[in-house]
Trainee: 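Here's a structure for you.
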Amino acid sequence: MSKKDFNQNDKVPFSSTLMVRDSCLCLHVRRAARTIARRFDDAFRSLDLTSGQFSLLMSLNRPEPPHMQDVANLLAMDRTTLTANLKPLERRGLVNIQPDPKDKRGRLLTLTDPGMALLIRAFPIWQKTQAELESMVAGPDSSQLLADLVSLSREHAG
């Protein structure tokens, strides 16, 4: 049904609700994302680490300190959200935020030695949890699902 098929006194039929419940990509990706995040959060709890913090620490594991904007882009978040997520890690001494010597307006992010030590402890937990989740994916392997999710998450120009 199109928008013009409804007037202000009409209701969306319950059958439409069921159709959305059963086929909405957004709904099911969000539900899956929350389920996956909970699994990783539970797995990392002994390290006082969340799944989001693990991803953020891992994104800093690079040969050269990344710019804040590069990390924000990788994690698909705005700089304000990234800054808020960095603060508890910085207070714990796991990351360091420094002005870029080439451009004082920019910020470079580094994983500290304690941050690397935590990442070393967290990585095997991630591997185990990842393998468990991959085994739950329908089909012979999870590579197609991952490829599809990467494709959907790319920002397309236009």
Side-chain angles (χ1 to χ4, degrees), residues 19-158:
M19 186 262 306
V20 168
R21 177 199 68 191
D22 295 341
S23 64
C24 179
L25 290 173
C26 184
L27 171 66
H28 291 285
V29 166
R30 284 177 183 245
R31 286 182 63 176
R34 283 191 284 272
T35 299
I36 291 168
R38 269 193 304 273
R39 291 283 294 265
F40 279 108
D41 287 344
D42 289 346
F44 292 134
R45 188 162 284 118
S46 67
L47 301 178
D48 192 26
L49 194 65
T50 67
S51 58
Q53 290 171 332
F54 172 81
S55 295
L56 181 45
L57 291 175
M58 188 58 78
S59 75
L60 303 182
N61 185 34
R62 304 179 188 200
E64 298 296 323
H67 284 90
M68 187 175 281
Q69 189 60 53
D70 294 333
V71 173
N73 291 342
L74 173 70
L75 299 175
M77 60 177 61
D78 59 60
R79 283 179 54 123
T80 303
T81 303
L82 176 59
T83 299
N85 283 283
L86 283 166
K87 292 223 181 282
L89 298 175
E90 186 179 30
R91 280 193 298 270
R92 285 177 64 184
L94 303 174
V95 300
N96 192 9
I97 305 169
Q98 302 171 335
D100 182 347
K102 297 176 187 169
D103 179 0
K104 298 294 183 203
R105 296 169 298 169
R107 296 287 176 262
L108 297 175
L109 307 175
T110 29
L111 201 54
T112 63
D113 290 342
M116 179 56 78
L118 181 60
L119 199 56
I120 288 168
R121 291 175 55 208
F123 186 66
I125 295 170
W126 175 87
Q127 286 177 303
K128 179 180 182 287
T129 307
Q130 177 76 6
E132 290 168 357
L133 287 165
E134 285 177 346
S135 73
M136 297 169 67
V137 173
D141 67 58
S142 62
S143 60
Q144 186 58 54
L145 173 61
L146 182 59
D148 292 343
L149 292 173
V150 168
S151 177
L152 283 170
S153 67
R154 281 196 187 104
E155 291 191 38
H156 297 282

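From a predicted model like this one, the values you see are computed outputs, not experimental measurements.
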Trainee: Go through Arg39 and Asp42 one step at a time and tell me if the side chain to side chain contact (heavy atoms under 4.5 Å, CB included) criterion holds.
Mentor: CA-CA 5 Å; Arg39 291 283 294 265; Asp42 289 346; 5.6 Å; no
Trainee: What distance do Gln53 atom CD and Phe40 atom CZ have between them, rounded to the nearest 0.5 Å?
Mentor: 14.5 Å
Trainee: Using a 6.0 Å cut-off, check whether atom CZ of Arg30 has over 12 heavy atoms from anything other than its own residue.
Mentor: no
Trainee: Do you see a donor-acceptor pair shorter than 3.5 Å between the side chains of Ser51 and Asp41?
Mentor: yes
Trainee: Go through it in stages, so that I can follow the logic: the residues are Met116 and Asn61, the test is side chain to side chain contact (heavy atoms under 4.5 Å, CB included), and I'd like the CA-CA distance, side-chain angles, deciding distance and then a yes or no.
Mentor: CA-CA 8 Å; Met116 179 56 78; Asn61 185 34; 3.2 Å; yes
Trainee: Under 3.5 Å, side chain of Thr35 to main-chain N/O of Arg31, donor-acceptor pair present?
Mentor: yes
Trainee: With a sphere of 6.0 Å drawn around CG of Asp103, does it hold more than 12 non-hydrogen atoms of other residues, nucleotides or ligands?
Mentor: yes
Trainee: Just by modelled atom types, is the Gly93 backbone N or O under 3.5 Å from a matching donor or acceptor in the Thr112 side chain?
Mentor: yes
Trainee: Measure the spacing between CD of Glu134 and CD of Gln130 and express it to the nearest 0.5 Å.
Mentor: 4.5 Å
Trainee: Nearest 0.5 Å, what's the CG-CE distance between Leu119 and Met58?
Mentor: 4.0 Å
Trainee: Among all residues two or more places apart in sequence or in another chain, which pass the salt bridge (charged side-chain N to carboxylate O under 4.0 Å, His left out) test with Arg79?
Mentor: none
Trainee: Using the rule side chain to side chain contact (heavy atoms under 4.5 Å, CB included), only one of Leu57, Leu89, Leu118, Leu94 pairs with Leu111; which is it?
Mentor: Leu57
Trainee: Do Trp126 and Phe54 have side chains that approach each other closer than 4.5 Å (heavy atoms only, starting at C-beta)?
Mentor: yes
Trainee: With sequence neighbours excluded, what pairs up with Lys128 under the side-chain contact (heavy atoms from CB on, under 4.5 Å) test?
Mentor: Glu132
Trainee: Which pair of non-hydrogen atoms, one from Arg121 and one from Pro124, has the smallest distance, and what is that distance?
Mentor: O-CD, 3.4 Å
Trainee: Counting only heavy atoms not in Glu64 (residues, nucleotides, ligands), do more than 12 fall under 6.0 Å from its CD?
Mentor: no
Trainee: Rounded to the nearest 0.5 Å, what's the gap from CD on Gln127 to CD1 on Ile125? Could you check?
Mentor: 10.5 Å
Trainee: Stepwise, does the side chain to side chain contact (heavy atoms under 4.5 Å, CB included) test hold for Leu56 with Leu82?
Mentor: CA-CA 9 Å; Leu56 181 45; Leu82 176 59; 3.6 Å; yes
Trainee: Can you tell me if Thr110 uses its side chain to pair, donor with acceptor, with the backbone of Pro65 under 3.5 Å?
Mentor: no
Trainee: Is the shortest side-chain heavy-atom distance between His67 and Asn73 below 4.5 Å?
Mentor: no
Trainee: If you compare all heavy atoms of Ser59 against all heavy atoms of Leu74, which two are closest, and at what distance to 0.1 Å?
Mentor: CB-CD2, 3.5 Å
Trainee: Where do Leu49 and Phe44 come nearest, in terms of heavy atoms and distance?
Mentor: O-CB, 3.1 Å
Trainee: Can you sort out the partners of Ile97 under side-chain contact (heavy atoms from CB on, under 4.5 Å), two or more places apart, ordered by chain and number?
Mentor: Met68, Leu86, Glu90, Arg107, Leu109
